[in-house]
Amino acid sequence: MIEVSHLTKYYGDFAAVEDLSFKLVPGEILGFLGPNGAGKSTAMKMLTGFLRPTSGEVRIWGSDMWQDSLTAQRRIGYLPEGAPAYDEMTPLEFLQFIADARGLTGVERANRLGETIDVMSLQDVLGQRIETLSKGFKRRVGLAQAILHDPDVLILDEPTDGLDPNQKHQVREMIKGLSRDKIVIVSTHILEEVTAVCNRAMVLAKGRVVSDGTPQSLLAMSPYHGAVTLKSSSATLAEIAEAAGSISSVKEAILTEGGVTILPEEDDATLFATVLELSRSKGWTVDSLYVETGRLDDVFRSLTEGESR
Amino acid sequence: MRFSVILKRELLGYFATPIAYVFIAIFLVLSGVFTFYLGNFYERQQADLIPFFSFHPWLYLFLIPAISMRLWSEERKSGTLELLMTLPLSRLDIVVGKFLAAWLFAGIALALTFPIWITVNYLGDPDNGVIVASYLGSWMMAGGFLAIGSCMSAITKSQVIAFVLCGFVSLLFVMAGFPLVLDLVRGWLPLTLIDMVASLSFLTHFNAVSRGVFSLQDFLYFISVIVVWLGATSIVLDMKKGA
């Protein structure tokens with residue numbers, strides 16, 4: 001269990017992180033979301049004990065990160081930003097070093113090394129210097145050192161940054177696969193990652209938490225949440241928009257490229273049926289008709305930019 | 001104490017890159033040049049290694065910063081420091097492990113000068129006790145330089161700045177015993193302070209050692225220099241944590 005209370009970090013007058021508080025129990029995957037410079041990395045550096053907060057505290061299963069840092073750090077696996085590793089070492093030497101530093105010995109050490117190398121599919125590059133590895137492999141080496149001691153808490157700073165779509169997918173699957181009995185904190189500025197991986201999302205802007213909830217609740221904040229989009233190749237789009245706009249529960253019907261997006265006044269589960277009914281009665285040629293779940297980038301922008309003004 | 005984990009990794013790091021080999025080669029070549037050309041090893045017609053050892057402070061002055069500059073700066077720059085400091089290892093383990101690795105490495109370079117010891121034994125009949133004491137003293141002095149360098153490297157993520165700072169502070173410690181420096185302060189400092197400045201000098205202690213007078217006092221001097229500067233390293237790292 002992680003308890004973070006009133007964590008604050010000032011650099012001079014600049015508040016990098018301000019009054020961050022949360023509690024996590026095993027099974028939770030928290031996504032830190034925010035633009036660059038929002039304080040995600042600073043927060044993670046404090047959670048792992050690399051930076052000392054100006055005020056506030058971090059407790060990992062009751063152990064204070066500053067009074068009893070070694071006990072607290074033993075429970076954590078951490079992938080710092082950019083997945084740093086000792087370039088002149090091979091992945092095997094590097095992981096052996098981490099195993100020793102983590103105090104793993106004997107059979108347990110051998111088992112954990114074997115299992116981690118297996119999970120991260122590092123068998124083929126074990127003897128190559130880390131500096132010669134591709135970005136994807138480097139990232140996997142970084143993830144491997146983080147999960148090597150089978151930690152209760154995994155803190156991953158932008159684990160998929162700079163990876164290609166296949167590698168991103170792999171890393172996400174890996175995170176989902178590990179996380180049943182663990183606490184995971186991932187930071188990202190990639191929006192779809194939050195819905196793909198996390199069950200809790202925290203949006204940071206200017207060092208402050210501006211939103212904290214499930215990814216679904218984040219989506220629900222979008223004006224497009226529950227909107228119905230109708231795509232049609234017929235020339236009557238303007239007419240469709242006008243007719244849809246006059247439905248009583250509709251706030252606005254927006255004409256877009258090849259379609260019309262109909263925004264409800266408020267959450268309206270019957271909108272889809274209403275629009276479907278309308279299109280049938282009017283005899284429109286409809287190519288597709290679907291309910292929008294919400295657009296995260298809009299929510300993200302309104303949350304994080306609103307804060308900066 | 002878990003410093004051996006760090007020690008092992010660091011030593012591996014030295015020999016995994018050309019740094020170790022380049023350093024050792026240059027150290028051996030320069031110590032040879034100094035001994036034979038500047039020290040007039042043959043012309044003196046004496047069976048001792050004074051010409052060899054007397055140049056060590058100057059040799060260390062610019063070679064040791066080359067080892068020590070990377071101790072922390074490189075890790076801070078590449079981000080591995082974050083990895084290191086979030087592992088469940090105490091600060092002391094990390095500071096001591098890194099220092100000991102560098103010190104052992106300097107010791108290896110020093111030990112590889114053994115042909116000169118063979119040479120002097122072949123040519124004459126030197127006092128080998130003095131030579132052993134001098135080797136030990138030289139290694140202790142290298143430790144002093146390295147501890148200063150460790151602290152300077154902790155200050156900055158630029159290896160160049162770390163190199164220059166280490167060279168400068170080391171120079172102060174070497175020069176403190178020089179008549180040139182002592183004359184400068186003689187006019188306006190009380191005698192006890194002048195003695196204190198002189199007693200801080202690497203030269204004062206090393207010269208005694210290289211003449212074969214290796215007293216407990218000199219030994220303790222170098223040990224305390226190492227302890228103080230490693231303590232300072234730890235404090236600097238701690239301050240950076242809060243920065």
Side-chain angles (χ1 to χ4, degrees), chain A residues 9-12 16 41 44-55 60 63 65-66 68-90 93-94 96-105 129-131 141-142 145-146 148-149 151 153 155 157, chain B residues 1-23 67 70-98 100-102 105 154 157 159 234-243:
Chain A
K9 180 74 189 175
Y10 275 94
Y11 291 111
S41 288
M44 291 185 144
K45 284 177 176 148
M46 289 192 283
L47 294 180
T48 52
F50 180 66
L51 272 183
R52 188 181 303 118
T54 311
S55 62
I60 315 286
S63 307
M65 185 51 82
W66 300 100
D68 192 7
S69 53
L70 295 195
T71 311
Q73 285 172 336
R74 245 171 232 128
R75 292 206 180 240
I76 298 180
Y78 177 38
L79 175 74
E81 194 174 7
Y86 293 103
D87 277 348
E88 75 277 6
M89 297 177 109
T90 66
E93 289 168 341
F94 180 60
Q96 283 170 340
F97 160 66
I98 298 288
D100 293 339
R102 292 279 180 195
L104 298 176
T105 50
R129 278 167 174 250
I130 292 176
E131 63 190 345
V141 171
Q145 65 78 22
L148 185 63
H149 58 300
V153 182
I155 298 182
D157 199 349
Chain B
M1 286 294 268
R2 308 261 316 283
F3 64 79
S4 57
V5 177
I6 301 290
L7 174 74
K8 192 175 144 200
R9 198 217 74 76
E10 288 280 313
L11 271 183
L12 206 80
Y14 284 115
F15 289 98
T17 57
I19 298 174
Y21 306 102
V22 170
F23 179 86
I67 306 182
R70 43 183 298 286
L71 279 178
W72 304 97
S73 306
E74 193 178 36
E75 298 233 15
R76 201 178 284 286
K77 186 144 206 168
S78 71
T80 46
L81 191 64
E82 205 168 330
L83 205 68
L84 199 59
M85 302 284 260
T86 52
L87 287 171
L89 295 168
S90 73
R91 182 101 39 81
L92 192 66
D93 284 337
I94 302 176
V95 170
V96 170
K98 272 178 166 286
L100 284 183
F105 174 65
K157 66 169 144 189
Q159 295 197 41
S234 182
I235 291 170
V236 168
L237 289 173
D238 198 56
M239 280 163 56
K240 292 263 173 183
K241 224 175 184 183

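Across B/Asp238, B/Leu81, B/Ile6, the residue that shares the most heavy-atom pairs under 4.5 angstrom with chain A is B/Asp238. Note on A/Pro53, A/Ser69, A/Ala101, A/Ala72: by heavy-atom pairs under 4.5 Å with chain B, the leading option is A/Ala101.
Contacts of A/Gln145 with chain B are made by side-chain atoms alone, with heavy-atom separations under 4.5 Å and no backbone atom involved. Looking at B/Glu75, the atoms closer than 4.5 Å to chain A (heavy atoms on both sides) all sit in the side chain, from C-beta outward. Looking at A/Ala85, only its backbone comes within 4.5 Å of chain B, counting heavy atoms on both sides. Proximity to chain B involves both the backbone and the side chain of A/Tyr86, based on heavy atoms less than 4.5 angstrom apart.
Residues B/Ser78 and A/Pro84 share a closest heavy-atom pair of O-CB, 3.4 Å. In plain terms, the two heavy atoms of A/Gly103 and B/Arg2 that are nearest each other are N-NH2, 3.4 Å.
Distance check, rounded to the nearest 0.5 Å: CG of B/Leu83 to CZ of A/Phe50 gives 10.0 Å. Note that the CG atom of B/Leu12 and the CE atom of A/Met89 stand 5.0 Å from one another [nearest 0.5 Å]. Distance check, rounded to the nearest 0.5 Å: CZ of A/Arg129 to OG1 of B/Thr17 gives 7.5 Å. Here the CG atom belonging to A/Leu70 is positioned 10.5 Å from the CG atom belonging to B/Leu87, to the nearest 0.5 angstrom. A/Met46 CE to B/Lys241 NZ: the interatomic distance, rounded to the nearest 0.5 Å, is 13.5 Å. For the atom pair CD of B/Glu82 and OG of A/Ser41, the computed distance is 7.5 Å after rounding to the nearest 0.5 Å.
Listed by first and then second residue, the salt bridge (Lys or Arg N to Asp or Glu O under 4.0 Å) pairs involving residues 3-16 of chain B are A/Glu88-B/Arg9, A/Asp100-B/Lys8, B/Glu10-B/Lys98 (not counting sequence neighbours).
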Item to check | Working for side chain to side chain contact (heavy atoms under 4.5 Å, CB included), residues B/Thr80 and A/Phe94 | outcome: CA-CA 12 Å; B/Thr80 46; A/Phe94 180 60; 6.0 Å; no

